Amino acid sequence: MTPGSSPAPRVVGVALVLIGLGATATSLSISLDQYGRWGARYFPLAGAFALILLGAAELRSARDGRPLDRTHLPAIAGLLAVSVTYVWAISAFGYLISTALAAPAALWIFGTRNVLGLAVAAIACPTAYHLVFFKLLGVFPPLGRYFDLLDLFGGV
């Protein structure tokens, strides 16, 4: 390591690879669907493999010995706050409202300031996720404790 560099990339890389391996093993324990297909395993496995690849990339970058860049820490903290709030909001208000609020919030943190783009994300993300997960994969959303739009739409 060079002076001023951080061991963080190495630690993060190893952690990502280990979490990815654990997620792979856990994903493979998901039961097959009623027709014997992988169904609900696809997305968790894709995420697990992505973690392994990201960990490998992080380990590769650790060889450079560059100083740790801390300019993105506020955005990371913002995304953490959005994700924790999102998980709570799903249990309170259901999937559709939570996703319609979280998607534009995440895009705002990433720098999107176009109001039309944020509005489209608020509609397109819940719609796309609803179609993929609930219609195509048959994975049903948790219902909100206080209010859920699926009650109004009848589980469209």
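Since we're looking at a predicted model, the values are computed, not measured.
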Can you give me the closest heavy-atom contact between Leu107 and Ala121, atom names plus distance?
CD1-CB, 3.4 Å
Considering all heavy atoms, the nearest Ile30-Pro44 contact:
CD1-CG, 3.9 Å
Check: [Y] and [X] side chains under 4.5 Å, non-hydrogen atoms:
X	Y	answer
Glu58	Val17	no
Leu59	Arg10	yes
Val82	Leu101	no

Flag if over 12 foreign heavy atoms under 6.0 Å of OH, Tyr129
no
Side chain [X], main chain [Y], donor-acceptor under 3.5 Å:
X	Y	answer
Ser98	Tyr95	no
Thr24	Ala48	no
Arg113	Trp108	yes

Does [X] belong to the same Ile/Leu/Val/Met/Phe/Trp/Tyr cluster as [Y], with side-chain heavy atoms less than 4.5 Å apart forming each link?
X	Y	value
Val14	Phe49	yes
Leu45	Leu32	yes
Leu53	Leu28	no
Tyr146	Ile97	yes
Val87	Phe93	no

To the nearest 0.5 angstrom, please state how far the [atom1] atom of [X] sits from the [atom2] atom of [Y].
X	Y	atom1	atom2	result
Leu51	Leu18	CG	CG	11.0 Å
Trp88	Ser83	CH2	OG	14.5 Å
Ile19	Thr26	CD1	OG1	11.5 Å
Ile90	Thr85	CD1	OG1	11.5 Å
Leu116	Leu118	CG	CG	9.0 Å
Leu96	Thr127	CG	OG1	8.0 Å

Between Leu131 and Leu136, is a side-chain contact (heavy atoms from CB on, under 4.5 Å) present by the stated rule, with each step listed?
CA-CA 6 Å; Leu131 290 174; Leu136 297 176; 5.6 Å; no
Compute whether any side-chain donor of one residue and acceptor of the other, for Thr99 and Tyr86, lie under 3.5 angstrom apart.
yes
Does Phe43 have its ring centroid less than 6.0 Å away from the ring centroid of Trp38?
no
